[in-house]
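Convention: sequence-line order gives letters A, B, ...; per-chain numbering from 1.
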Amino acid sequence: MNIVHSAVAGSLESSDVMISIEPAVQKTVSINLNSSVKKQFGDQIMKVIKNTLDRLGVNGASLEVTDKGALDCVIEARVETVVYRAADKKNFDWGEY
Amino acid sequence: MITAHYFVQTFDPTENTLRKHEVIDFLKQQNLDFASGMHFTVAIYREEELIATGSLDRNVLKCFAVSPKYRHRGLTNELVTILTKEAAQTNQSHLFIYTKPKNRHLFESLGYHAVEEADDVILLENKTNGIANFANQLSRNYISGKSIAGMVMNCNPFTKGHQYLIQKAASENDVVHLFIVQENRSLFQTEERIEMVRRGIASLDNVHLHCSGDYIISNATFPSYFIKDKETVIKAHAQLDLKIFAKQIAPALKITKRYVGEEPFSRKTAIYNQFMHQILPGFGMEVKEIPRKAENGTAISASHVRELLMNNEMEAVRSLVPTTTFDYLCQWKKNRRER
């Protein structure tokens, strides 16, 4: 999926995550993670984000992720939302699930 | 945590004056002022009582306050979330907060990172490598030379005084990087000012024009609502702006000299210039303060030109600005009349 403009999803509430995404000049994905539980769960959070981006076919994007202790399923949902918003895709393919 | 007891209201303070005055009174209780230029405000109520607020001014989050009774409940998180989403509506994803240094950790926990800290103010941004990426981008414009100078100007509008200062820097250095302050609260918009400068310096090929971006802080945009004392406001602004210039912007282009015009009219700018002499040499930079160019015995000032322009005294304007600016201003006046 092609990131065409910046977008935000999620919130800074406890147990949620806020993600902002921007198109990247190069066809690379860069992820900056801010989390109070980065030491314990940073690798796992990054893995969920990367896997979700891969599945959605995102290859040129820069993400700022501020995690407030979100579970994997929440992180995945927020990544999907922010990518769909930034790609201007309005039709979510429910059949995928 | 927002529960059913809380009620979130968002509004444009320039339109909803009733709610705006509620927010002003609330901020006053916390020893804060309501800043001008804001176009979006969040107010959180519990029953009828206003307990938290925050506002948005383009890409700057401002005027945060949470009632002491309701702190440590995540209300700031809620405010930042709402303001971030509002900013996203207008494609503003790179956001800034100016605050007291003691609030640093609060905003760091919300994904903000310090750009620079001064005695009474800290500037934070919501990007991990924002300033580093900016400096990196800027360094692509590096041009080698034995002496490389930098100057920052508003040019509202571009006068013979500005032109003289730039010519002087250009004649004394191999390379001059000229930053035009980016802010659209002046009579002339950033693009208009850049255009006037571009025309006025066309013959100087060692002068390179840049838009200042978000990291050179203009007088007009530096928020002072959380600092009471006027002198402290100037000091805070000067320290912050000059440290960013010396630590990030100057090294990217290997600038070792900063040129500035002497300031006979504005006390604020004069004090700012003093800080320049205090701060920049500490980072190995030389400060060159150049006496203002005079016309008929008086130093040329852009604010005087604006005044003459508004009073339609075009012949007086003509004597104070380069021909290129004069032609631009005539066209500008014509366009305004037709609008």
Side-chain angles (χ1 to χ4, degrees), chain A residues 2-26 28-42 45-46 49 58 60-70 74-75 77-79 81-90, chain B residues 1-3 6 8 10 40 42 44 52 54 56 58-59 61 64 66 72-97 104-115 124-134 136-137 140 214:
Chain A
N2 218 356
I3 304 302
V4 291
H5 54 70
S6 61
V8 187
S11 81
L12 294 167
E13 224 171 295
S14 187
S15 304
D16 200 349
V17 58
M18 184 146 86
I19 305 179
S20 68
I21 192 167
E22 267 181 39
V25 193
Q26 286 100 5
T28 54
V29 172
S30 70
I31 303 163
N32 290 315
L33 174 64
N34 310 287
S35 174
S36 53
V37 293
K38 194 170 174 174
K39 278 207 179 81
Q40 300 95 309
F41 301 110
I45 297 169
M46 288 297 273
I49 299 169
V58 175
S62 153
L63 284 83
E64 286 284 338
V65 180
T66 306
D67 168 63
K68 289 278 155 200
V74 175
I75 299 168
R78 295 307 192 194
V79 173
T81 309
V82 85
V83 167
Y84 269 76
R85 282 183 184 156
D88 265 342
K89 284 252 306 195
K90 301 259 159 33
Chain B
M1 180 140 356
I2 297 297
T3 67
Y6 296 96
V8 178
T10 63
F40 182 84
V42 187
I44 302 178
L56 190 65
R58 215 176 61 90
N59 62 342
L61 274 51
F64 278 95
V66 176
H72 312 294
R73 299 184 189 202
L75 286 171
T76 311
N77 302 37
E78 178 73 12
L79 293 169
V80 172
T81 301
I82 296 169
L83 295 173
T84 306
K85 291 195 166 165
E86 172 63 22
Q89 297 292 319
T90 55
N91 271 324
Q92 302 274 7
S93 59
H94 193 178
L95 306 177
F96 295 84
I97 294 173
R104 180 181 186 142
H105 295 295
L106 171 63
F107 290 110
E108 278 181 344
S109 78
L110 302 176
Y112 278 74
H113 303 267
V115 173
L124 301 112
E125 62 181 332
N126 68 344
K127 286 200 187 305
T128 311
N129 303 311
I131 181 75
N133 287 343
F134 176 79
N136 194 18
Q137 287 282 332
R140 292 181 192 170
D214 289 306

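Using a 3.5 Å distance cut-off with no hydrogens or angles, the side chains of B:T81 and A:E13 do not pair a donor with an acceptor.
The contact between B:S109 and chain A is made by backbone and side chain atoms together, counting heavy-atom distances below 4.5 Å. Within the 4.5 angstrom heavy-atom criterion, no atom of A:S20 approaches chain B. In this structure, the portions of A:S6 lying under 4.5 Å from any heavy atom of chain B include both its backbone and its side chain.
Atoms CG and NZ, from A:N34 and B:K127 in turn, are 11.5 Å apart once rounded to the nearest 0.5 Å. B:N133 contributes atom CG, which lies 8.0 Å from atom OG of A:S62 (distance to the nearest 0.5 angstrom). Summarising the geometry, atom NE2 belonging to A:H5 is positioned 6.5 Å from atom CG belonging to B:N91; distances are rounded to the nearest 0.5 Å. Summarising the geometry, atom CG belonging to B:N77 is positioned 5.5 Å from atom CG belonging to A:L12; distances are rounded to the nearest 0.5 Å. Once rounded to the nearest 0.5 Å, the distance linking CE of A:M18 with CG of B:N126 reads 7.5 Å.
Not counting sequence neighbours, the partners of B:F96 by the ring pair (Phe, Tyr, Trp, His ring centres under 6.0 Å) test are B:H94, B:Y215. Partners of B:R58 under the salt bridge (charged side-chain N to carboxylate O under 4.0 Å, His left out) rule, at least two apart in sequence or in another chain, are B:D214.
Remark: side-chain polar atoms of A:E64 are paired, donor with acceptor, to backbone N or O of B:T128 under 3.5 angstrom. The backbone N or O of A:A9 sits nowhere less than 3.5 Å from a side-chain atom of B:K85 that would complete a donor-acceptor pair.
Comparing A:G10, A:S36, A:S35 by heavy-atom pairs within less than 4.5 Å of chain B, the highest count is held by A:G10.
Between B:N129 and A:N32, the shortest heavy-atom contact is ND2-OD1, 3.7 Å.
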